[in-house]
Participant: 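Here's a structure for you.
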Amino acid sequence: MDGDGRPVLVATGTSSAIGQALMRHLEPEWRILAIGRRVHGADAVPVDLGQAPSTWRARLEEVLRRLGGHQVEAVVHLAGVVFADRFEATTEYEWDATLRINLSAAAHLLQAVRPWLGAGSSVVLVSSVDAWLAAADGPAAAYGAAKAGLLGLMRHLAAEWGPAGIRVNAVLPGAVASGNGPHPESWRAMAERVALRRPAAPEEVARAIAFLLGEGASYITGVGLPVDGGLNVTY
Ligand SMILES: NC(=O)c1ccc[n+]([C@@H]2O[C@H](COP(=O)([O-])OP(=O)(O)OC[C@H]3O[C@@H](n4cnc5c(N)ncnc54)[C@H](OP(=O)(O)O)[C@@H]3O)[C@@H](O)[C@H]2O)c1
């Protein structure tokens, strides 16, 4: 699996609706190393990010080594999990899994990929408006803590890796009509607060990620971009 000339993207969460939309946007020009439980193909890295990094990091590094000297142009951490329980009811398992998959996996992934990043490489971490805001019937604080942690990680790495020409940004989706998106009843309660009065299509989040990865964002780093239809400007 030596470099074949195409830019390389290392991504988690590619099986989600947002991930599928991103793949459609980037393929076939990009070569995608997909990391997750439901990934297939020669460039897939089938791993459970809910397990200790020691169980998957070596496998990822082995796949990266097969790229030879080829640089990794982009990294997207899109894997995420959310549990509906309120904070008091959140179990130790739910807390650990939420932090591990949403936040810690990004850190271990970026540590593993760092030797393959160089000038022009770009990282996008998928956070959430839940990093800033608590919905009345929204997900537990564990999810908000993990998504806020991603923003801290993003800003520190933007500062640390900027001198090497590596950009690090985040997107903060609001309500997306996919996977963990709002149930119709939650959406009815939320709709009045979304300026555009509709949830995002997965493609709309994917396009924002692709923008931050691309040349159009070449002077943007350390930014958390809300992709929320104006959810964060009303109360
Ligand atoms: N939908 C929304 O309204 C919304 C709003 C704000 C932010 N987001 C964020 O956007 C991202 C995608 O959300 P979604 O709602 O589309 O989610 P989803 O359909 O539930 O997909 C979750 C993704 O995370 C991966 N994942 C989960 N647990 C994993 C594990 N143990 N190991 C490896 N990968 C794992 C899954 O991959 P595999 O199944 O292949 O393992 C899947 O691709 C998440 O980060 C989410 O927090 C979503």
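We count ligands from 1, going down the list as the structure has it; atoms in each ligand are counted the same way. In this chain, numbering begins with 1 at the start of the sequence shown. The structure displayed is predicted, hence computed values, not measured ones.
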Participant: Could you tell me whether the side chain of Val82 reaches within less than 4.5 Å of the side chain of Thr98, counting heavy atoms only?
Facilitator: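 Side-chain contact under 4.5 Å: no.
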Participant: What do you reckon, does Gly19 put a non-hydrogen atom under 4.0 Å from ligand 1?
Facilitator: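 Flag not set, Gly19 not near ligand 1.
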Participant: Tell me the protein heavy atom at minimum distance from atom 36 (C) of ligand 1, and give that distance in Å.
Facilitator: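 For atom 36 (C) of ligand 1, the nearest protein heavy atom comes out as Ser15 OG, 3.7 Å.
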Participant: Given Leu67, which partner from the list Leu33, Val10, Asp4 fulfils the side-chain contact (heavy atoms from CB on, under 4.5 Å) test?
Facilitator: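 Only match with Leu67 under side-chain contact (heavy atoms from CB on, under 4.5 Å): Leu33.
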Participant: Within a distance under 4.0 Å of any heavy atom of Gly13, pick out the atoms of ligand 1 and give their elements.
Facilitator: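 By the 4.0 Å cutoff, the relevant atoms are 43 (O).
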Participant: Is Pro173 in polar range of ligand 1, meaning some N or O pair under 3.5 Å apart?
Facilitator: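 No, no N or O pair falls under 3.5 Å.
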Participant: Of Arg100, Arg38, Gln20, Arg37, which has the heavy atom at the shortest distance from atom 27 (C) of ligand 1?
Facilitator: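 It is Arg37 that holds the nearest heavy atom.
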Participant: Under 3.5 Å, side chain of Arg197 to main-chain N/O of Glu192, donor-acceptor pair present?
Facilitator: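 Here the side-chain-to-backbone pair exists.
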Participant: Does any N/O atom on Ser16 come nearer than 3.5 Å to any N/O atom on ligand 1?
Facilitator: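 For ligand 1, there is an N or O atom that lies under 3.5 Å from one belonging to Ser16.
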Participant: Is there side-chain contact between Val227 and Val176, with at least one heavy-atom pair below 4.5 Å?
Facilitator: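 They are not in contact (no side-chain heavy atoms under 4.5 Å apart), so the answer is no.
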Participant: For atom 44 (C) of ligand 1, tell me which residue out of Leu78, Val126, Ile18 has the closest non-hydrogen atom.
Facilitator: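 Ranked by closest heavy atom to atom 44 (C) of ligand 1, first place is Leu78.
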Participant: Look only at the side chain of Gln71 and the backbone of Ala119, and say whether a donor-acceptor pair between them is shorter than 3.5 Å.
Facilitator: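 Judged by distance alone, yes, a pair lies under 3.5 Å.
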Participant: Show me which atoms of ligand 1 lie under 4.0 Å from any heavy atom of Asp48.
Facilitator: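 Those atoms are 30 (C), 31 (N), 32 (N).
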Participant: Considering heavy atoms of the protein only, find what lies nearest to atom 5 (C) of ligand 1 and give residue, atom and distance to 0.1 Å.
Facilitator: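 Looking at atom 5 (C) of ligand 1, the protein heavy atom closest to it is Gly174 O, 3.0 Å.
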Participant: For atom 17 (O) of ligand 1, what is the closest protein heavy atom, and at what distance to 0.1 Å?
Facilitator: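 Of the protein heavy atoms, Asn180 ND2, 3.5 Å lies nearest.
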Participant: Flag Gly80 as yes when one of its N or O atoms lies below 3.5 Å from any N or O atom of ligand 1, and as no otherwise.
Facilitator: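 For ligand 1, there is an N or O atom that lies under 3.5 Å from one belonging to Gly80.
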Participant: Please enumerate all residues that pass side chain to side chain donor-acceptor pair (under 3.5 Å) together with Ser128, with sequence neighbours excluded.
Facilitator: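 So Ser128 forms a side chain to side chain donor-acceptor pair (under 3.5 Å) with Asp130.
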Participant: Report the C-alpha distance between Arg57 and Glu61 in whole Å, list the side-chain angles of each, state the deciding distance to 0.1 Å, and finish with yes or no for salt bridge (charged side-chain N to carboxylate O under 4.0 Å, His left out).
Facilitator: CA-CA 6 Å; Arg57 192 167 152 163; Glu61 284 167 345; 3.1 Å; yes
Participant: State whether the shortest distance between N or O atoms of Val81 and N or O atoms of ligand 1 falls below 3.5 angstrom.
Facilitator: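 Among all N and O atoms of Val81, none is under 3.5 Å from an N or O of ligand 1.
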Participant: Could you tell me the residue and atom name of the protein heavy atom closest to atom 2 (C) of ligand 1, and the distance to it rounded to 0.1 Å?
Facilitator: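 Heavy-atom neighbour on the protein nearest atom 2 (C) of ligand 1: Val176 CB, 3.5 Å.
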Participant: Under 3.5 Å, side chain of Glu27 to main-chain N/O of Arg24, donor-acceptor pair present?
Facilitator: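 Side chain of Glu27 to backbone of Arg24, a donor-acceptor pair under 3.5 Å: no, none is there.
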Participant: Using distance alone, with no hydrogens and no angle criterion, decide if Thr221 and Arg167 have a side-chain donor and acceptor under 3.5 Å apart.
Facilitator: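 Checked: Thr221/Arg167 side chains show no N/O donor-acceptor pair below 3.5 Å.
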Participant: For ligand 1, which atoms sit closer than 4.0 Å to a heavy atom of Ser128?
Facilitator: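 Under 4.0 Å from Ser128, ligand 1 has these atoms: 6 (C), 7 (C).
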Participant: Atom 19 (O) of ligand 1: which protein heavy atom is closest, and how many Å away?
Facilitator: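 Result for atom 19 (O) of ligand 1: Gly179 CA, 3.4 Å.
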Participant: Testing Leu125, Ile166, Leu110 for side-chain contact (heavy atoms from CB on, under 4.5 Å) with Leu157, which one passes?
Facilitator: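 Among Leu125, Ile166, Leu110, the one meeting side-chain contact (heavy atoms from CB on, under 4.5 Å) with Leu157 is Leu110.
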Participant: Hey, does His77 sit under 4.0 Å from ligand 1 if you only count heavy atoms?
Facilitator: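 Judged by the 4.0 Å heavy-atom criterion, His77 does not count as contacting ligand 1.
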Participant: Are any of the side-chain heavy atoms of Tyr143 and Lys147 separated by less than 4.5 Å?
Facilitator: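 They are in side-chain contact.
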Participant: Within the structure, does Ser127 bring an N/O atom to less than 3.5 angstrom of an N/O atom in ligand 1?
Facilitator: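 No.
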Participant: Tell me, which protein residue and heavy-atom name are nearest atom 47 (O) of ligand 1, and how many Å apart are they?
Facilitator: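 Minimum-distance protein heavy atom for atom 47 (O) of ligand 1 reads Tyr143 OH, 2.6 Å.
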Participant: Kindly identify the option in Pro202, Ser178, Ala175 whose heavy atom sits closest to atom 16 (O) of ligand 1.
Facilitator: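 That would be Ser178.
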Participant: Indicate yes or no for a side-chain donor-acceptor contact from His77 to the backbone of Val123 under 3.5 Å, with no hydrogens or angles considered.
Facilitator: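 The answer is no, because no donor-acceptor pair under 3.5 Å joins these two groups.
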Participant: Give a yes or no answer on whether the side chain of Arg31 reaches the backbone of Pro7 with a donor-acceptor pair at less than 3.5 Å.
Facilitator: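 Checking the backbone N and O of Pro7 against the side chain of Arg31, no donor-acceptor pair under 3.5 Å is found.
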Participant: Please state which protein non-hydrogen atom is closest to atom 1 (N) of ligand 1 and give its distance, to 0.1 Å?
Facilitator: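 It is Gly181 N, 3.2 Å.
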Participant: Please list, in number order, the atoms of ligand 1 under 4.0 Å from a heavy atom of Leu49.
Facilitator: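 So the atoms of ligand 1 that pass are 30 (C), 31 (N), 32 (N), 33 (C).
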Participant: Side chain, backbone, both or neither: which part of Gln51 comes within less than 4.0 Å of ligand 1 when only heavy atoms are counted?
Facilitator: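 The answer is neither; Gln51 stays 4.0 Å or more away.
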